[in-house]
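Okay, so here's the structure we're looking at.
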Amino acid sequence: METGKYGLPLDVKYCKECTRSNQRPAVTQEFLQNQNQKKKFVIFDEKGLCGGCTYNHIKNNKINWNDREKELLDLCDKFRKKNGEFDVLVPGSGGKDSILVAHQLKHKYKMNPLLCSWSPTMITEIGKKNLKAWIDIGFKIEFNKVNKELHRILTKLSFLNLCHPFQPFIIGQKNFAPKIAQKKNIQLVMFGEHDAEFGSDLERWDQPSMNINRFTHDKIDYNDLFLGGVQLNDILKKYNFTIEDIDDYLPIETEVFNSNKIEFHYYSYYKKWNFHDNYYYAINNSKFTPQKERIQGSYDKYSSMDDKIDYLHFYTYYIKFGMGRATAASEQEIRAGVINRDEGISLVKRFDSEFPSKYYNDFLNYMQINDKEFKEVIDRSRPDHLWEKVGSDWKLKKPIWESD
Ligand SMILES: [Zn+2]
């Protein structure tokens with residue numbers, strides 16, 4: 001197959017059922033990413049469906065959800081401790097999904113969950129409120145204690161080198177739960193959405209547990225690992241940080257990890273996941289609140305709103321892959337049966353390209369870059385096969401509303 005920038009397929013195709021295109025990378029081991037790496041991409045099936053929609057059919061037609069709940073009861077029985085110790089770790093941020101998982105495990109399945117949260121890079125007011133709403137259900141929580149200056153530098157490098165400012169957060173968050181589980185001697189970690197919900201790792205749709213290579217590495221060699229597209233040794237030397245500082249971002253050695261026998265499960269394997277229903281569950285069972293106004297770049301009021309960097313993340317995604325925040329929201333709402341594909345396409349046309357101006361100055365101040373540097377990164381990250389310049393404006397060459 002002929003490929004363009006980032007190894008993207010040159011032939012842009014849209015899913016027949018939702019708003020997603022084939023220009024989307026598969027989940028990757030972030031700590032191996034550098035500028036030259038070609039990504040792996042999700043492929044559509046023979047009916048022209050993206051992985052998320054393929055899984056949606058499996059979810060609605062193939063899975064017996066009563067049997068799956070029985071599996072969950074067995075899992076809880078296997079791990080439940082009766083001595084008052086925590087028996088399950090629930091990672092999250094206080095979004096609707098993590099509220100549902102923790103609340104049900106505690107109240108419906110009588111587990112004793114400990115929460116853990118990797119703090120947002122720049123938390124928003126609504127993010128603070130909802131994090132509190134999560135804890136206030138009646139939980140204890142572990143927060144990460146990251147070197148903030150290192151996190152700032154990594155975010156900046158990730159933006160400048162990879163146009164991927166969310167990378168340090170993604171890496172830190174992935175490693176955090178396994179590390180807390182080890183430290184606290186908790187044998188079960190419960191994540192929310194199975195990757196198959198997004199169409200990644202589709203071959204593992206009938207497996208309840210996570211592929212641990214997300215946060216493990218066979219042999220940790222600092223020459224092999226990259227953060228923000230820069231080799232680890234170079235970061236340590238240039239910015240004068242120590243291994244202790246950077247440890248939060250390092251994968252765990254597979255052998256060391258396996259000796260702990262911790263299991264990582266997805267809640268959405270056991271319970272039919274509908275992110276729209278999760279929203280109502282969170283509203284009804286906690287003090288979770290949506291944002292008052294529409295989220296910039298989208299039309300919804302309740303997804304990924306706890307970190308200012310989220311807004312930039314979705315915008316850079318739009319630049320690199322031609323799909324922004326309204327695409328992400330609409331593809332899920334279409335599968336959940338809340339809107340139809342035509343409505344999704346209109347929403348994408350209207351909101352996907354919206355610039356995240358609300359927090360723009362915060363991004364620049366945080367990364368200590370200026371407007372010109374920001375724009376240079378954005379423009380050099382646009383793949384030629386997706387973008388063209390018309391006058392002074394950039395336009396998508398093949399947007400969904402012009403495709404058949
Ligand atoms: Zn689809």
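Sequence positions, counted from 1, serve as the residue numbers for this chain. Side chains are part of it too, since the values below use all heavy atoms of this structure and drop only hydrogens, waters and symmetry mates. The shown structure was predicted, so the numbers you read here are calculated from the model rather than taken from an experiment.
With a 6.0 Å radius and a threshold of 12 heavy atoms from other residues, nucleotides or ligands, K47 has its NZ atom at or below the threshold. Other residues, nucleotides and ligands place more than 12 heavy atoms under 6.0 Å from the CG atom of D247. By the neighbour-count criterion of 12 heavy atoms within 6.0 Å, atom NZ of K398 is densely surrounded, having more than that number from other residues, nucleotides or ligands. By the 6.0 Å contact criterion, NZ on K397 is enclosed, its count of non-hydrogen atoms from other residues, nucleotides or ligands being greater than 12. Under a cut-off of 6.0 angstrom, the local environment of CD in E255 is sparse, with at most 12 non-hydrogen atoms contributed by other residues, nucleotides or ligands. Residue K81 places its NZ atom among more than 12 non-hydrogen atoms of other residues, nucleotides or ligands, all under 6.0 Å distant. Atom CZ of R350 has 12 or fewer neighbouring heavy atoms from other residues, nucleotides or ligands inside a 6.0 Å radius.
Side-chain atoms of N130 never come within 3.5 Å of backbone atoms of G94 as a donor-acceptor pair (strictly under, hydrogens ignored). Distance alone, capped at 3.5 Å, is enough to place a donor-acceptor pair between the Q187 side chain and the N260 backbone. Proximity of a side-chain donor or acceptor of N56 to a complementary backbone N or O of K59 within less than 3.5 Å is not detected. Side chain of W394 to main chain of W387: no donor-acceptor pair is present (N/O by atom type, distance under 3.5 Å, no hydrogens or angles).
Under a cutoff of 6.0 Å and an axis angle of 45°, R325 and Y311 form a cation-pi pair. Annotation: cation-pi pair K106/F139 present, NZ/CZ under 6.0 Å from the ring centroid and within 45° of its normal. With a 6.0 Å cutoff to the six-membered ring centre and a 45° limit on the axis angle, R68 counts as a cation-pi contact of Y269.
The shortest distance between side-chain heavy atoms of L188 and H265 falls below 4.5 Å. Between N144 and D248, every side-chain heavy-atom pair lies at or beyond the 4.5 Å cut-off.
Sorted by first and then second residue, the ring-ring contact (aromatic ring centres under 6.0 Å, His included) pairs involving residues 176-207 (not counting sequence neighbours) are W118-F176, H194-Y266.
Centroid-to-centroid, the aromatic rings of F264 and F257 come within less than 6.0 Å. Aromatic pair Y280/H276: ring centres closer than 6.0 Å.
We find the CZ-CG distance between R382 and L386 to be 10.5 Å, quoted to the nearest 0.5 Å.
Legend: residues meeting ring-ring contact (aromatic ring centres under 6.0 Å, His included) with Y360, ordered by chain and number and at least two apart, are F355, F374.
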